[in-house]
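Heavy atoms only: backbone and side chains are in, while hydrogens, waters and symmetry mates are out. In listed order, ligands and their atoms are each counted from 1.
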Amino acid sequence: MSEALIKDYGSPGRKGYSLPELDVVEKNPAESLPEGMIREEAAKLPEVSEVDVVRHYTSLSNMNYGVDSGIYPLGSCTMKYNPKINEDIARTPNLTNIHPQQKEKYVQGSLEILYELKEYLAEISGMDEVSLQPASGSHGEYVGLMIIRKYFEKKGETRTKVIVPDSAHGTNPASATMAGYNVVEIASNEGGMVDLESLKAEVDEDTAALMLTNPNTLGIFEKDICEIQKIIHDAGGLLYYDGANMNAVLGYVRPGDMEFDVIHYNLHKTFSTPHGGGGPGSGPVAVKERLAPFIPAPVLKKEGEKYYWDNDRPDSLGRVHAFYGNYGVMLRAYAYIRTAGAKGLKEITENAVLNANYMKHKLKDTYELPFASDSLHEFVLSGSRQKKEGISTVNIAKRLLDYKQYAPTIYFPLIVKEAIMVEPTETENLQSLDRFIETMKVISQEIEEEPELVRDAPHNTVVRKLDEAKAARNPDLRW
Ligand SMILES: *Cc1c(COP(=O)(O)O)cnc(C)c1O
């Protein structure tokens with residue numbers, strides 16, 4: 001299962017090309033280079049043929065696992081299949097051969113695409129203005145909170161606190177802290193939702209915002225959302241919607257209609273653009289009219305049939321990304337939204353919710369289900385029953401790899417012991433859902449009958465169990 005380094009392939013003199021004999025006889029082209037710039041010995045490059053290169057990289061790619069290999073039910077991450085048409089669109093030469101410093105009048109078509117994407121995102125969330133600049137979900141959160149900061153500054157109010165439920169995504173408290181706020185965490189109730197009494201107890205004239213992940217990281221939709229927004233707005237605070245889970249509600253409810261003031265999207269989750277391994281992503285921020293003056297500059301505008309960048313934004317928090325954001329990701333998301341259409345977007349949600357609930361129903365007798373509330377696009381099980389047999393959730397996750405299935409998110413959300421957070425996504429069919437369910441049951445059986453098989457997993461992956469703390473701190477990236 002190992003693969004040699006490319007430098008260890010090949011042999012001296014082997015090459016990957018054949019060119020005609022050099023017919024420039026008078027003068028060696030290399031001699032026309034300035035003195036001192038000519039190599040004395042050849043560069044130490046691997047001497048390999050084309051087939052060596054193809055086999056080497058194909059072999060490496062086969063060691064990897066991705067959404068093109070099979071189910072990737074990583075809760076909260078929305079690792080769904082990315083249709084290849086998105087890639088075709090993003091590689092269109094007319095779009096890839098332009099430069100952000102070209103004059104507006106020469107790139108009107110490209111600006112039209114970005115403008116339409118903004119309009120779709122505003123419509124889907126029920127918001128008024130959109131910035132496409134942020135490069136990820138967490139970047140969007142940070143930008144959203146800075147917009148909120150600017151808003152209160154302009155009003156002459158100092159508010160220092162941001163309330164974050166304990167069922168929020170981990171980036172929420174981190175972003176609020178980076179934006180200079182004190183984070184106040186509130187506990188969930190036994191249904192896994194915001195506890196209204198705890199919320200009321202924390203909200204006061206010092207509250208800048210509530211950051212809500214909805215559906216939350218348990219996959220549960222906050223049923224008291226109307227009440228929640230009223231509590232915050234009555235105290236003069238603003239409402240921030242973590243929209244990374246929008247695939248659970250597309251076309252069914254809109255954060256704007258729930259009276260939220262700011263939302264970020266994860267184009268690289270909901271709108272199906274490749275992600276993982278650090279990006280690039282795109283985390284557009286959408287706001288209500290009263291916050292529009294504060295969003296990052298420049299803002300894309302339309303006048304008659306003409307698109308232009310509005311740089312005259314005196315209250316803007318400024319630029320948060322070089323040029324206009326991660327354009328390639330936006331093109332893929334645009335293609336995805338256009339190919340799905342309004343009806344298709346609703347079906348995405350229907351399938352995401354159906355798939356997750358089917359799996360939850362089939363697995364809840366084998367693995368403990370700590371929150372029984374109805375859930376949407378993902379659900380959280382607990383491995384605590386298996387833990388009593390001496391097998392931890394991490395072992396279950398590793399054993400799944402032996403069966404050529406990717407493991408769900410584990411040990412998150414923090415409010416569930418031995419958490420197993422599953423998001424099958426809408427792109428899996430019945431066969432692949434059943435295969436995952438069956439594998440999870442087989443592993444539970446193995447824990448009873450042959451626990452060391454699970455404890456020592458994985459057995460047939462490229463590398464065995466890694467020291468995960470060390471792997472993250474001392475990545476082995478070169479030989
Ligand atoms: C993924 C996710 C984020 C963070 O997005 P990144 O693009 O990874 O920074 C925030 N909130 C929720 C609910 C998420 O699932």
Using a heavy-atom cut-off of under 4.0 Å, does the side chain or the backbone of [X] touch ligand 1, or both, or neither?
{"X": "H275", "result": "neither"}
{"X": "T217", "result": "neither"}
{"X": "A244", "result": "side chain"}

Please test V249 against N214 for side-chain contact (heavy atoms from CB on, under 4.5 Å), starting from the C-alpha separation and ending with a verdict. CA-CA 9 Å; V249 295; N214 193 28; over 6 Å; no
Could you tell me whether a side-chain N or O of T92 sits under 3.5 Å from a main-chain N or O of N94, the two making a donor and an acceptor? no
Kindly confirm or rule out a cation-pi arrangement of K346 over Y252, judged by NZ or CZ under 6.0 Å from the six-membered ring centre and within 45° of its axis? yes
Check: H264 N/O within less than 3.5 Å of ligand 1 N/O: no
If you count the atoms of ligand 1 from 1 in the order shown, which ones are under 4.0 Å from a heavy atom of T171? 3 (C), 4 (C), 10 (C), 11 (N)
Atoms of ligand 1 close to S138 [distance to a heavy atom under 4.0 angstrom, numbered from 1]: 4 (C), 5 (O), 6 (P), 9 (O)
Y334 vs Y120 aromatic rings, parallel, tilted or perpendicular, using cut-offs 30° and 60°? parallel
For F379, check ring-ring contact (aromatic ring centres under 6.0 Å, His included) against everything at least two apart and list the hits. none
Could a heavy atom of H268 be found less than 4.0 Å from some atom of ligand 1? yes
